[in-house]
Number of protein chains: 2
Amino acid sequence: MSTTSDSKEAGRWLARAGLRPTRQRTALASLLVEGGNRHLTAEALYAEAQKAGADVSLATVYNALKAFTDAGLLREVNIEAGRVYYDTRVDEHPHFYFEDDGSIADAPVGSVKISELPDVPEGCEVATVDVVIRLRRR
Amino acid sequence: MSTTSDSKEAGRWLARAGLRPTRQRTALASLLVEGGNRHLTAEALYAEAQKAGADVSLATVYNALKAFTDAGLLREVNIEAGRVYYDTRVDEHPHFYFEDDGSIADAPVGSVKISELPDVPEGCEVATVDVVIRLRRR
DNA sequence: CTCAATGCAAAGTATTTGCAACCGA
DNA sequence: TCGGTTGCAAATACTTTGCATTGAG
């Protein structure tokens, strides 16, 4: 359910990034900030919004997720072809990917230590280092 | 150019995986084994095949790449949403991803050392650990 | 008021699939 | 011959875009 405090928190979340708190964005932001760390697709968030009674179009979900990401509120996770996950955690951290059902989870922070980074090509700098631990059922 | 030795090598490459060496597969395999380590998309391989005069349909390129991957001759690399790269190197190694042009390169082997792997969830085992170093122009 | 944000539908991109024709063993 | 492969086109899945309308500041 969407409580007043959720809306307020969502409002702050949007304000922090200088995004205009429209009704749709606030509704989506509420869904994202409640429920802790999440990894969801545009389709999944759209479905949640519908279930929550928010009147938001799929295109707006895509647009909003992109705006949130550009503003640094979310992080894109590219693991599977043809499906973008958005992570409510924006710090650099490894992910588990379950090959069986295609779901994603955070791996424990600091559980992967990268001890040596390679020399990067001339004129480049490291933006991020993405680590995906692909798991299969034993 | 496609030489006789390329075709022979391609034939062995296919035979190693028990794949029937059809004209199309041999042509594609030749393009893949010559030229060393490569990272290409289905579209890119299709374009190369056309340029080389091989009569192969796009669907067949997709089918062949999938068959090669299932047979362990190639490795899928998922970095960008909506675009699958196939790597002719099948061992586990990190990749550079150039955000500017969307291209991929191998990072030096052993350049990334993972010193601690997290405890994986109950009943699961690690299939692979994918490391992508995203680079941007400085 | 004004311009950013939205909704809808249409377009775009990447990939898969159904099925008849084909060809390698 | 026989069943795995192929080609084509249509289908699918996901995401983006164009444009008129709406609404937040």
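Lettering follows sequence order; numbering is per chain, from 1.
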J.: Per the end-axis method with five pairs at each terminus, what is the bend angle of the helix from C:dC1-D:dG25 to C:dA25-D:dT1, to 10°?
T.: 30°
J.: Output the rounded distance in Å from CG (B:Asp70) to P (C:dT16).
T.: 11 Å
J.: Any side-chain hydrogen bond (donor to acceptor under 3.5 Å, both in side chains) pairs touching residues 59-78 of chain B, not counting sequence neighbours?
T.: B:Ser57-B:Thr60
J.: Check this for me: B:Asp100, atom CG, are more than 12 non-hydrogen atoms of other residues, nucleotides or ligands nearer than 6.0 Å?
T.: yes
J.: Sequence neighbours excluded, which residues qualify as side-chain hydrogen bond (donor to acceptor under 3.5 Å, both in side chains) partners of B:Gln24?
T.: none
J.: Test of understanding: with side-chain hydrogen bond (donor to acceptor under 3.5 Å, both in side chains), list the residues that count as partners of B:Arg25, not counting sequence neighbours.
T.: none
J.: Write down the protein N/O and nucleotide N/O pairs, taken from nucleotides 17-25 of chain C, whose separation is under 3.5 Å; answer none if there are no such pairs.
T.:
none

J.: So, do A:Phe96 and B:Cys124 sit near enough that their side-chain heavy atoms are less than 4.5 Å apart?
T.: no
J.: Near DNA chain D, which residues from residues 71-86 of chain A have a heavy atom under 4.0 Å away?
T.: A:Gly82, A:Arg83, A:Val84
J.: What is the separation between atom CG on A:Leu14 and atom C1' on C:dA5, rounded to the nearest whole Å?
T.: 13 Å
J.: Where does the chain B footprint on DNA chain D start and end, counting 5' to 3' with a 4.0 Å heavy-atom cut-off?
T.: D:dG3 to D:dA9
J.: For B:Glu48, which residues count as a salt bridge (Lys or Arg N to Asp or Glu O under 4.0 Å) partner, sequence neighbours excluded?
T.: B:Arg38
J.: Pick the closest DNA chain D nucleotide for B:Thr60 and for A:Leu58 by heavy atoms, then say which residue is nearer the 5' end.
T.: B:Thr60
J.: Restricting to side-chain hydrogen bond (donor to acceptor under 3.5 Å, both in side chains), what partner residues turn up for A:Glu99, sequence neighbours left out?
T.: none
J.: Can you get from B:Leu45 to B:Val77 by hopping between Ile, Leu, Val, Met, Phe, Trp and Tyr side chains that sit under 4.5 Å apart?
T.: no
J.: What's the CG-C1' distance between B:Leu45 and C:dT15, to the nearest Å?
T.: 15 Å
J.: Could you list the residues that satisfy side-chain hydrogen bond (donor to acceptor under 3.5 Å, both in side chains) with B:Arg83, not counting sequence neighbours?
T.: none
J.: A:Ser57 side chain N/O closer than 4.0 Å to the phosphate oxygens (OP1, OP2) of C:dG7?
T.: yes
J.: Check the hydrophobic clustering (I, L, V, M, F, W, Y; side-chain heavy atoms under 4.5 Å; chains of links allowed) and say if B:Tyr97 and B:Val129 are grouped together.
T.: no
J.: Do B:Asp91 and B:Arg89 sit within salt-bridge range, that is, some charged N less than 4.0 Å from a carboxylate O?
T.: yes
J.: Can you list every pair that meets ring pair (Phe, Tyr, Trp, His ring centres under 6.0 Å) and has a residue in residues 68-87 of chain B, with sequence neighbours left out?
T.: B:Trp13-B:Phe68
J.: Pair up each side-chain donor or acceptor in residues 131-138 of chain B with any protein partner under 3.5 Å, not counting sequence neighbours, and list the distances.
T.:
residue  : atom : partner  : partner atom : Å
B:Arg134 : NE   : A:Asp130 : OD2          : 2.6
B:Arg134 : NH2  : A:Asp130 : OD2          : 3.2
B:Arg134 : NH2  : B:Ile79  : O            : 3.3

